[in-house]
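Before any comments, here is the structure.
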Amino acid sequence: MKRKQAVGIIILSGFLLGGAWACGSAEEKGQVSAENSTDAQEDAGIGWLDLENYKERMSEKRVPISDAREGYAEEEQQIRNTEYENISFSNAEFEIFPECEEVSLLWQQTLVMTPQESWNYIEKQLEEIGKLDQVDMEKEVRVVTPELEWDDTKDAPYCYPALAEHMDDITDAGGAYVDVKDCYVMAAGRLADGKITAYLGADEHAEKEVYYDSYAKDVETSGSLSELGDRSWPLISGEITVRQGADLVMDYFDGSGLTQPAEGVSLEVANVEVFHLKEVFGYYYQLRRIYNGLPVAFSKDASYQPLDTSYLAMEDCKDVFVADDTGVCAFSGTSERDTLTELYTDEKILGAADAAELLSGKLASGVRMDVENVSLVYEPLVEISEDADMALFPCWRFAGENLVKDEELMVCVDAFTGDIYCYSVPEWQQHD
């Protein structure tokens, strides 16, 4: 299986009518962009998002979420029976309508950790995996931060300054980490306990364990938790079912103070893969966040490189690995600890049929979209700048294929405004 490495957000003149990033021209509706910044949003501390402009564009076709949920099955059938000029829903899977009573425009801010908080987190994690006595924290805890210079004459991790020597010199030490052969721990939320490296007899640091492509390329099978949950494979030690492994994962992230999700956030297993580890196997769980009942869009790659725009789609991508019957041995990716702030909340949204009609009306004549999946989710977008904070928009997400160019295509219709956000996967990056 070939994994996509980068996805570009496409300027809509190529895929949609109107030539603007959000549906309608900038003059008609305005764009969610830095150019439209207002004093009000600056006072609110929300960076690049033009909140007042966004609220002015609320669609008049919105209905109560309870009505959208009640009529969802009927609207699904209506969509399937409608002959759209440029969209086919004949192969589409409609995800279950989420259990939410209201949805929000959210602002996400990366967790800031003081040097002492980072030190304590790393120390506690080392203790939890039984490696505290094997690591000289004074030497091994290094920190990556723009607040300090680093020595490019040395190899990582020793090119970066030791955190112990700068406890009073920096404000954010979320980039503090330990990377040795026995283990890898980053304060911002990555961990590898070294079991896979030891089992494989690899002469390298444990950091590679947190990355999917390091050892999970040879996939035995993949699917949802409901599909694979009752099956089991031999692990490095012991044998547990995929569901038992998932239970250990959820206990780890919901029960530990080290990994406690932010307020309103819970986690769910979105995808499962079973991969080969020499003579045995490992389980890979992809987790995504749910905020007050509405899930966040997810993919196998968290960051999508842009083509012609300053925006980046940053869908949830939290990789968690179980290689024996004791539970989590490595994880990385989207942080469940990042704060989500509600900028606007409402009980009304566009229904699925109205979203599909909007999409069809905006797709350019050269696009023929075969929709494979329809879901109501939060779609995370960020402007590429020094400010890495992002906005999560409630959207109807249509995922499928552009048959004209044989490329994967994702189009999101904002459930509040009807704005359309579109990105595609170049052919060379698509799955086999």
Side-chain angles (χ1 to χ4, degrees), residues 1-26 28-29 31-32 75-95 297-301 303-315 317 350-377 379-381 384 393 395-415 417-432:
M1 180 178 66
K2 179 169 58 180
R3 303 179 64 222
K4 62 178 182 285
Q5 298 300 319
V7 178
I9 303 173
I10 304 299
I11 289 290
L12 299 192
S13 56
F15 284 90
L16 309 178
L17 301 175
W21 181 72
C23 81
S25 68
E28 292 171 341
K29 293 192 173 183
Q31 296 180 3
V32 184
E75 290 202 358
E76 176 186 340
Q77 197 58 47
Q78 175 186 338
I79 292 171
R80 292 188 187 279
N81 293 337
T82 300
E83 292 188 8
Y84 299 98
E85 180 181 354
N86 44 17
I87 310 177
S88 171
F89 287 91
S90 60
N91 299 316
E93 176 186 4
F94 284 71
E95 299 289 343
F298 76 98
S299 68
K300 278 196 172 181
D301 303 275
S303 64
Y304 300 123
Q305 297 300 320
L307 298 183
D308 301 312
T309 177
S310 62
Y311 293 92
L312 199 65
M314 295 284 288
E315 297 184 346
C317 175
L350 285 169
D354 281 333
E357 183 179 353
L358 279 170
L359 174 58
S360 177
K362 283 294 179 180
L363 278 178
S365 59
V367 175
R368 294 291 183 271
M369 185 175 184
D370 182 22
V371 177
E372 298 171 356
N373 184 271
V374 179
S375 58
L376 180 62
V377 296
E379 183 69 22
L381 299 176
I384 302 172
F393 297 85
C395 290
W396 285 102
R397 184 178 185 271
F398 300 90
E401 182 181 7
N402 177 16
L403 299 177
V404 176
K405 293 187 176 182
D406 189 26
E407 62 184 354
E408 293 180 29
L409 182 63
M410 315 290 185
V411 186
C412 294
V413 178
D414 194 307
T417 65
D419 292 346
I420 297 178
Y421 319 123
C422 178
Y423 53 92
S424 74
V425 185
E427 183 176 357
W428 65 273
Q429 294 169 338
Q430 295 177 27
H431 297 90
D432 291 334

Problem set entry | Point-to-point distance, once rounded to the nearest 0.5 Å, from CZ of Phe94 to CD1 of Ile79 | 4.5 Å
Exercise. Distance from Glu372 atom CD to Glu93 atom CD, nearest 0.5 Å?
Worked result: 10.0 Å
Problem set entry | Separation between CZ of Phe89 and CE of Met369, rounded to the nearest 0.5 Å | 7.5 Å
Problem set entry | Nearest-0.5 Å distance, CH2 of residue Trp396 to SG of residue Cys412 | 12.0 Å
Problem set entry | Leu358 CG to Ile420 CD1 distance, which is reported to the nearest 0.5 Å | 6.0 Å
Problem set entry | Which atom of Glu379 lies closest to which atom of Ala297, heavy atoms considered | OE1-CB, 3.3 Å
Exercise. Looking at Gly400 and Met410, what are the two nearest heavy atoms and their distance?
Worked result: N-SD, 4.5 Å
Problem set entry | Side chain Glu75, main chain Ala353, donor-acceptor under 3.5 Å | yes
Exercise. Do the side chain of Thr82 and the main chain of Gln78 share a donor and acceptor less than 3.5 angstrom apart?
Worked result: yes
Exercise. Quick one: does Arg397's side chain have a donor or acceptor within less than 3.5 Å of a partner on Asn373's backbone?
Worked result: no
Exercise. Which of parallel (below 30°), tilted (30 to 60°) and perpendicular (above 60°) describes Tyr421 and Phe393?
Worked result: tilted
Exercise. If you take all heavy atoms of Glu315 and Ser299, which pair is closest and at what distance?
Worked result: OE1-CB, 3.5 Å
For this session: Quickly, which of Asn86, Leu409, Val411 forms a side-chain contact (heavy atoms from CB on, under 4.5 Å) with Val367? Name it, please.
Result: Leu409
Problem set entry | Nearest heavy atoms of Ala356 and Ile87, plus distance in Å | O-CD1, 4.3 Å
Exercise. So, the side chain of Thr417 versus the backbone of Asp419: is there a donor-acceptor pair under 3.5 Å, distance only?
Worked result: yes
